[in-house]
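A quick write-up on the structure given underneath.
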Amino acid sequence: METARHDSRSRVVSRRGFLRQTSRLLAAPALAGAASLAAQPDRVDPALRIGVLTDVHYADAPPAGTRYYRESETKLAEAVEQFVRSKAHCVVELGDLIDTGASLDAEKEHLRRIAKTLARFPGPRHCVLGNHCVYRLAKPEFLEIVGQNASYYSFDVGGWHLVVLDACFRRDGQAYGRKNFSWTEAMLPPDEIEWLRADLARTPHKTILFVHQRLDVKPPYGVLNAPDVRKLLEESGKVLAVFQGHEHRGDLKEIRGIRYITLKAMVEGAGPENNAYALVDLLPGDAIRIAGFRRETDHRW
């Protein structure tokens, strides 16, 4: 694994080269990330390019601590514009698209408004359920507003198998919703585990997973039965990476050959310079290239 780090001089040089060759990908040269895509020495076109972001926490509410809820709408609009210009094939939002509202109707309005911003991306959009998504809402209400049929599912695109998971369940298997849960208690229930086992057995493709709560650490940020889930992923021999959110500072771990990438939260910090999102390129030969924008980090495997 190589984590990209650029000094100011090399960043300017690589950005100039990138703009000359692929100016259609950038609207704002000041954004980090686009230059790092061009800086990869192989310059291989991706089989699949995915726009990824997490923890938008949009709410029509004043800032609280380091969270700037209203600013997330503008931050998301910037990310979507970049995904469009970069010709992403799809977008995956890793959970907590909204934050707590004063009422059920307020949370629905928050979700409708931020979902409209996300819908500026014209291609497929996938929303992972986060704990804040169903604080007052029930899962069917959230899914209806974002236009999604299920909370966990899989699909094939560009020769890759992509899996969206839902860890918003209590220890007893009860689904989150209507304030019936603690955010520190998350798990994949037995039915979802068995579905995942069968899904991985069926696919002939290398696989990428998306989930909100972490599969690489213990609670409170980790899934209660994360060790069992990791064992299943390892035994399949098909999973290359897991993208997750929930812990706002971000992180990166590798466990038994699988990378667990926790993206930084979009809601943290004031101003566009504190935005955070990424483009994930899945390349021939099972390589992965990540361009982090603003506060997000670049990686290449």
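Along the sequence shown, the residues carry numbers beginning at 1.
- For the atom pair CG of Leu137 and NE2 of His110, the computed distance is 11.0 Å after rounding to the nearest 0.5 Å.
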* Dump the intermediate steps for salt bridge (Lys or Arg N to Asp or Glu O under 4.0 Å) on Glu234 and Lys231, then the final yes or no. => CA-CA 5 Å; Glu234 293 158 10; Lys231 183 179 179 182; over 6 Å; no
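- The existence of a salt bridge linking Arg125 and Glu93 is excluded, since no basic side-chain nitrogen approaches an acidic carboxylate oxygen closer than 4.0 Å.
- Leu233 and Leu94 fall into different hydrophobic clusters, where Ile, Leu, Val, Met, Phe, Trp and Tyr side chains are chained together by heavy-atom contacts under 4.5 Å.
- Scanning both residues, Ile258 and Val239, for their nearest heavy atoms gives CG1-O, 3.4 Å.
- At a threshold of 4.0 Å, the pair Asp199-Arg202 counts as salt-bridged, since one of the basic side-chain nitrogens sits closer than that to a carboxylate oxygen.
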Side-chain donor-acceptor pairs of residues 166-174 under 3.5 Å, sequence neighbours excluded:
unit_1 : atom_1 : unit_2 : atom_2 : d
Asp166 : OD1    : Lys139 : NZ     : 3.4
Asp166 : OD1    : Cys168 : N      : 2.9
Asp166 : OD2    : Lys139 : NZ     : 2.7
Asp166 : OD2    : Ser151 : OG     : 2.8
Arg170 : NE     : Asp172 : OD1    : 3.2
Arg170 : NH1    : Asn180 : O      : 2.9
Arg170 : NH2    : Asp172 : OD2    : 2.7
Asp172 : OD1    : Gln174 : N      : 2.9

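- Closest of all the heavy-atom pairs between Leu283 and Trp160 is O-CZ2, 3.6 Å.
- Side-chain atoms of Leu188 and Val223, non-hydrogen and from C-beta on, do get closer than 4.5 Å to each other.
- In this structure the side chain of Leu53 reaches within 4.5 angstrom of the side chain of Leu76, judged on heavy atoms.
- In this structure, Asp298 does not pair ionically with Arg289, as no charged nitrogen and carboxylate oxygen lie closer than 4.0 Å.
- For the pairing with His126, the ring-ring contact (aromatic ring centres under 6.0 Å, His included) check across Phe121, Phe210, Tyr153 returns one residue only, Tyr153.
- In this structure, Leu263 is a member of the same hydrophobic cluster as Leu48, with clusters built from ILVMFWY side-chain heavy atoms closer than 4.5 Å.
- Looking only at distances, a side-chain donor or acceptor of Arg230 sits under 3.5 Å from a matching main-chain atom of Leu215.
- Hydrophobic clustering (ILVMFWY, side-chain heavy atoms < 4.5 Å, transitive): Phe155 and Leu209 are in distinct clusters.
- Ring pair His57/His248: centre-to-centre distance below 6.0 Å.
- Counting only distance, with no hydrogens or angles, the side chain of Asp55 and the backbone of His246 share a donor-acceptor pair below 3.5 Å.
- Look at Arg294 and Glu78 and you find a salt bridge, because one of the NZ, NE, NH1 or NH2 atoms lies within 4.0 Å of a carboxylate O, short of that distance.
- Side-chain contact, Asn131 with His212: a donor N or O sits under 3.5 Å from an acceptor N or O.
- With hydrogens and angles disregarded, no donor-acceptor distance shorter than 3.5 Å links the side chain of Arg49 to the backbone of Cys90.
- Between Thr100 and His132 there is a side-chain heavy-atom pair separated by less than 4.5 Å.
- A 4.5 Å side-chain heavy-atom check between Thr207 and Leu240 finds every atom pair outside the cut-off.
- Under a 3.5 Å cut-off, the side chain of Ser236 and the backbone N or O of Lys238 do form a donor-acceptor pair.
- The closest side-chain heavy-atom distance from Thr297 to Lys264 is below 4.5 Å.
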* May I have the step-by-step check of side chain to side chain contact (heavy atoms under 4.5 Å, CB included) for Leu111 and Val146, ending in yes or no? => CA-CA 8 Å; Leu111 183 56; Val146 300; 3.8 Å; yes
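- For Glu144, the CD atom counts as loosely surrounded, since its 6.0 Å shell holds 12 or fewer non-hydrogen atoms of other residues, nucleotides or ligands.
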* Verdict with reasoning, Tyr260 to Arg214, per side chain to side chain contact (heavy atoms under 4.5 Å, CB included) -> CA-CA 8 Å; Tyr260 295 84; Arg214 296 181 63 171; over 6 Å; no
* **Asp156/Leu162 under side chain to side chain contact (heavy atoms under 4.5 Å, CB included): CA gap, chis, key distance, verdict** => CA-CA 6 Å; Asp156 293 336; Leu162 306 184; over 6 Å; no
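- Taking the centre of each ring, Phe83 and Tyr277 come in below the 6.0 Å mark.
- Residues Ile208 and Tyr152 do not share a hydrophobic cluster, clusters being chains of Ile/Leu/Val/Met/Phe/Trp/Tyr side chains in contact below 4.5 Å.
- When hydrophobic clusters are built by joining Ile, Leu, Val, Met, Phe, Trp and Tyr residues whose side-chain heavy atoms come closer than 4.5 Å, directly or via intermediates, Tyr176 is grouped together with Leu97.
- Although no hydrogens or angles enter the test, the distance criterion places no donor-acceptor pair under 3.5 Å between the side chain of Glu247 and the main chain of Arg249.
- In this structure, the side chains of Asp281 and Asp45 stay at 4.5 Å or more apart for every pair of heavy atoms.
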For residues 58-68, please give each side-chain donor-acceptor pair under 3.5 Å, one per line with the distance, not counting sequence neighbours.
unit_1 : atom_1 : unit_2 : atom_2 : d
Asp60  : OD1    : Arg70  : NE     : 2.6
Asp60  : OD1    : Arg70  : NH2    : 3.3
Thr66  : OG1    : Glu268 : OE1    : 2.4

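- Under the 4.0 Å criterion applied to side-chain N and carboxylate O atoms, Arg136 and Glu141 are not assigned as salt-bridge partners.
- For the pair Ser154 and Val164, the minimum side-chain heavy-atom distance is 4.5 Å or more.
- In this structure, a donor-acceptor pair under 3.5 Å is present between the side chains of Asp216 and Gln244.
- By the 4.5 Å side-chain criterion applied to Ile, Leu, Val, Met, Phe, Trp and Tyr, Tyr221 is assigned to a cluster that also includes Trp183, Val217.
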* Taking it one step at a time, do Val56 and Val267 satisfy side chain to side chain contact (heavy atoms under 4.5 Å, CB included)? -> CA-CA 5 Å; Val56 177; Val267 73; over 6 Å; no
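- In summary, Arg85 and Glu81 engage in a salt bridge, as defined by a charged side-chain N under 4.0 Å from a carboxylate O.
- Side-chain contact between Val242 and Ile261 is absent, with no heavy-atom pair separated by less than 4.5 Å.
- Side-chain contact, Lys253 with Thr262: no donor N or O sits under 3.5 Å from an acceptor N or O.
- Closest non-hydrogen pair, Gly95 versus Cys133, comes out as C-SG, 4.3 Å.
- Residues Ile114 and Ile98 come closest through the heavy atom pair CG2-CG2, 3.9 Å.
- Checking side-chain atoms of Thr54 against main-chain N and O of Ala265 turns up no donor-acceptor pair under 3.5 Å.
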